[in-house]
Amino acid sequence: MIRTPDQWRDHLLAALAKRRNAYARLRRYYDGDHLLPTAPDLATDKYRRLAELGVTNMCGLIVDTAVERLVPNGVRLSATAADDLAAWRDVWQTNGLDGVIPVGFEEALKVGLCPMLIWPETVDGETVVSWTIEDPDETIVAYEPGSRRKRAAALKSFKDDADGTEYATLWLPDAVHAWVKPEGASGWVIDPDETKSGPNPLGAIPVLELASKRNVKNVPAPELSTSVLRLQDRINKTMFDAVVGAEDGAVPQRVTIGIEVETNEAGDPINPLTPGPGKVFVLDAVDGQEATAKIDQFDAYDIAQLISLAEASIKQLAAVSRTSVFYVLAGLTNVGADTIRMADLATSGKIRGHMTRMSEVLEEGFALALKVLGKDAPPDIEILWEPIEVRSPAELADAAIKLSQSGYPFAAIARYVGATPTEIERIEAERATADAAAAAPVSS
């Protein structure tokens, strides 16, 4: 279907509005702002306080444990390491992506996707690359029919909180269109800033999407799936019950039977049957029966079974989300390194899948960035990552020695143990200086 720019704008604005509620729900779960457990009685202030204390946020942990192990540390796009490092500096480090890209990974794993905008900017008369992470509530990409990769259009729309003006920018392969809608206006008008509209200098859609995982219909699947959210709700309900038990039954509850109930001026019992420390259940004798005073007590609640149920649910959650149980359960001690490694296999496999999908997008981002800089992008760009396996310093040192004995060059070994291209360059310079100093003749 061929659309006009106005039709593309309206179509993509509607698609943005359609997905915002779902994204907001996932963000609330990530932040720990969950639906509170239901109760048969009215939601009193005490109930709400206990329900909030029962929230045990595992959703944030599931996302964060994956994000913290997704660490790009270089790019390979030529046979010359110096050229690779220069491109890394000009594109990645210039935009501060070491600190910014984790935000994109977090959003992609949290809600399913996160857009990135690569666009030329002019600084002091020189064209530089602007690589930014965009809000998926504001930015959307449309793909060509039948394709999961070819982008047909992209839109960014946001509102200026200062004056209520709405802005919309549409990118098509051959052109860029910009509109504004002042507060209270009924429709869009072309943005009077002529620099925002015109030919597309890249000849391609400059918005890419980091995605958690896509199915065959190109629909992203976030880490916080429906199964994960249901298990999270079950954990919260179980912990709520445990908190209530700890609140109302942490101490033995005393009971008196056959004692006259005192009332206040309104005739209400002064000591209602409400459990708690220092409180007593007072039960009056039935009319017509002789009142015989008796004191007894109920045992304190045993919440151990509730805690065990919560731990079982957490283990299920770890299995469903492929998160190592060592992340989600505390108190695991005296566990060998091999056991930890085996338990981490599912997590490592999941993260490796994320790494593969993210690499494709980041590599295309580098190709666009090089185009901005007027350079030809090679067809085999490769993003380098820090190792995701859990390895001790002793294991790394042993592996480095064996790789060296096998003939691997120093730079390859340094990358294997996790050194960044910048660190490798500095180490090699320091080694060269040390070798030159050692080879210099000693003056008598």
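Position 1 is the first residue of the sequence; numbering continues from there. Everything quoted here is computed from the prediction, not taken from an experiment.
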Task: Positive for side chain to side chain donor-acceptor pair (under 3.5 Å) with E223, one of K213, R322, K350 - done: K350
- [ ] Find out whether L117 and P206 are in side-chain contact, i.e. whether some heavy atom of one side chain is under 4.5 Å from a heavy atom of the other.
- [x] yes
Task: Derivation of the side chain to side chain contact (heavy atoms under 4.5 Å, CB included) call for I101 and M116 - done: CA-CA 9 Å; I101 207 67; M116 303 183 299; 3.9 Å; yes
Open item on the list: Can you classify the ring geometry of W171 versus W119 as parallel (below 30°), tilted (30 to 60°) or perpendicular (above 60°)?
Closed with: perpendicular
Task: Close side-chain approach of R149 to Y143, heavy-atom, < 4.5 Å - done: no
- [ ] Check the surroundings of atom OH in Y408: do more than 12 heavy atoms from other residues, nucleotides or ligands lie under 6.0 Å from it?
- [x] no
Open item on the list: Test your reading of the model: is there a side-chain donor-acceptor pair from R234 to the backbone of I314, 3.5 Å cut-off?
Closed with: no
Open item on the list: With a 4.5 Å cut-off on side-chain heavy atoms, are P72 and W88 touching?
Closed with: yes
Task: Short side-chain to backbone donor-acceptor contact, H354 and S212, under 3.5 Å - done: yes
Open item on the list: Do the side chains of E183 and K159 get close enough for a salt bridge, i.e. N-O under 4.0 angstrom?
Closed with: no
TODO: Could you grab the distance from atom CG of D376 to atom CG of L77, nearest 0.5 Å is fine?
DONE: 12.0 Å
- [ ] Return yes if some donor-acceptor pair links the side-chain N/O of D124 with the main-chain N/O of E126 below 3.5 Å, else return no.
- [x] no
Open item on the list: Quick test of your reading of the model: are K237 and D241 salt-bridged, counting only N-O distances below 4.0 Å?
Closed with: yes
TODO: To the nearest 0.5 Å, tell me how far R230 CZ sits from Q316 CD.
DONE: 13.5 Å
Open item on the list: Keeping N95 on the side-chain end and W131 on the backbone end, is there a donor-acceptor pair under 3.5 Å?
Closed with: yes
Open item on the list: Counting neighbours of CZ on R25 that are heavy atoms of other residues, nucleotides or ligands and sit closer than 6.0 Å, is the number greater than 12?
Closed with: no
Task: S359 and W385 side chains, donor-acceptor separation under 3.5 Å - done: yes
Open item on the list: Could you report the tightest heavy-atom contact between Q7 and I2, atom names first, then the distance?
Closed with: OE1-O, 4.0 Å
TODO: Would you confirm whether R19, through its side chain, and P136, through its main-chain N or O, come within 3.5 Å as a donor-acceptor pair?
DONE: yes
Open item on the list: Using modelled atom types and a 3.5 Å cut-off, is there a donor and acceptor pairing between side-chain atoms of T347 and backbone atoms of S324?
Closed with: yes
TODO: Work out which heavy atom in C114 is nearest to a heavy atom in A108; give both atom names and the distance.
DONE: CB-N, 3.9 Å
Open item on the list: Any non-hydrogen side-chain atom of R3 less than 4.5 Å from a side-chain atom of L12?
Closed with: no
Open item on the list: The test is side chain to side chain contact (heavy atoms under 4.5 Å, CB included); show your working for Y167 and V180 and say whether it passes.
Closed with: CA-CA 5 Å; Y167 296 85; V180 297; 3.4 Å; yes
Task: I427 vs F410, side chain to side chain contact (heavy atoms under 4.5 Å, CB included): CA-CA, chis, key distance, verdict - done: CA-CA 10 Å; I427 294 171; F410 169 77; 3.3 Å; yes
Task: Interatomic spacing from OH in Y30 to CD in Q232 - rounded to 0.5 Å - done: 13.0 Å
Open item on the list: Can a donor-acceptor pair be found, under 3.5 Å and without considering hydrogens, that links the side chain of N236 to the backbone of T56?
Closed with: yes
Task: Pair R151 + E209: basic N to acidic O under 4.0 Å - done: no
TODO: Kindly check if the number of other-residue, nucleotide or ligand heavy atoms within 6.0 Å of CD1 (I307) is above 12?
DONE: yes
Task: Minimum side-chain heavy-atom gap V67-L109 below 4.5 Å - done: yes
Task: Rounded distance [0.5 Å steps], CG in D64 versus OG1 in T323 - done: 10.5 Å
- [ ] For residues L208 and V361, report the shortest heavy-atom separation together with the two atoms involved.
- [x] CD1-O, 3.6 Å
Open item on the list: To check you understand the geometry: which heavy-atom pair defines the closest contact between A310 and T238, and what is its length?
Closed with: N-CG2, 3.8 Å
TODO: Taking the side chain as every heavy atom from C-beta outward, state whether V71 and F105 have any atom pair closer than 4.5 Å.
DONE: no
Task: From CG (N21) to CG (D137), nearest 0.5 Å - done: 9.5 Å
Open item on the list: Less than 4.5 Å apart, side chain to side chain, heavy atoms only: is that true for E138 and L16?
Closed with: no
Open item on the list: Quick check: closest heavy atoms across L373 and V128, and the distance to 0.1 Å?
Closed with: CD2-CA, 4.3 Å
- [ ] State whether a side-chain donor-acceptor pair under 3.5 Å links D163 with T165.
- [x] yes
Task: Sub-4.5 Å side-chain heavy-atom contact between N200 and P173 - done: no
TODO: Give the ring-plane orientation class for F366 versus W92, where under 30° counts as parallel, over 60° as perpendicular and anything between as tilted.
DONE: parallel
Open item on the list: Ring-plane angle category for W8 and H11, please: parallel below 30°, perpendicular beyond 60°, tilted otherwise.
Closed with: perpendicular
TODO: Might you point out which heavy atoms bring I205 and A152 nearest each other, and give the distance in Å?
DONE: CD1-O, 3.7 Å
- [ ] For side chain to side chain donor-acceptor pair (under 3.5 Å), just list the numbers for S157 and R9, CA-CA rounded to whole Å, side-chain angles, deciding distance to a tenth of an Å, and then say yes or no.
- [x] CA-CA 9 Å; S157 177; R9 179 200 65 216; over 6 Å; no
- [ ] Using atom types as modelled and distance alone, determine if a side-chain donor or acceptor of K371 lies under 3.5 Å from a backbone N or O of L202.
- [x] yes
- [ ] Report the C-alpha distance between V103 and E107 in whole Å, list the side-chain angles of each, state the deciding distance to 0.1 Å, and finish with yes or no for side chain to side chain contact (heavy atoms under 4.5 Å, CB included).
- [x] CA-CA 6 Å; V103 178; E107 194 71 7; 5.7 Å; no
- [ ] Enter the distance from R69:CZ to I351:CD1 here, rounded to the nearest 0.5 Å.
- [x] 4.0 Å
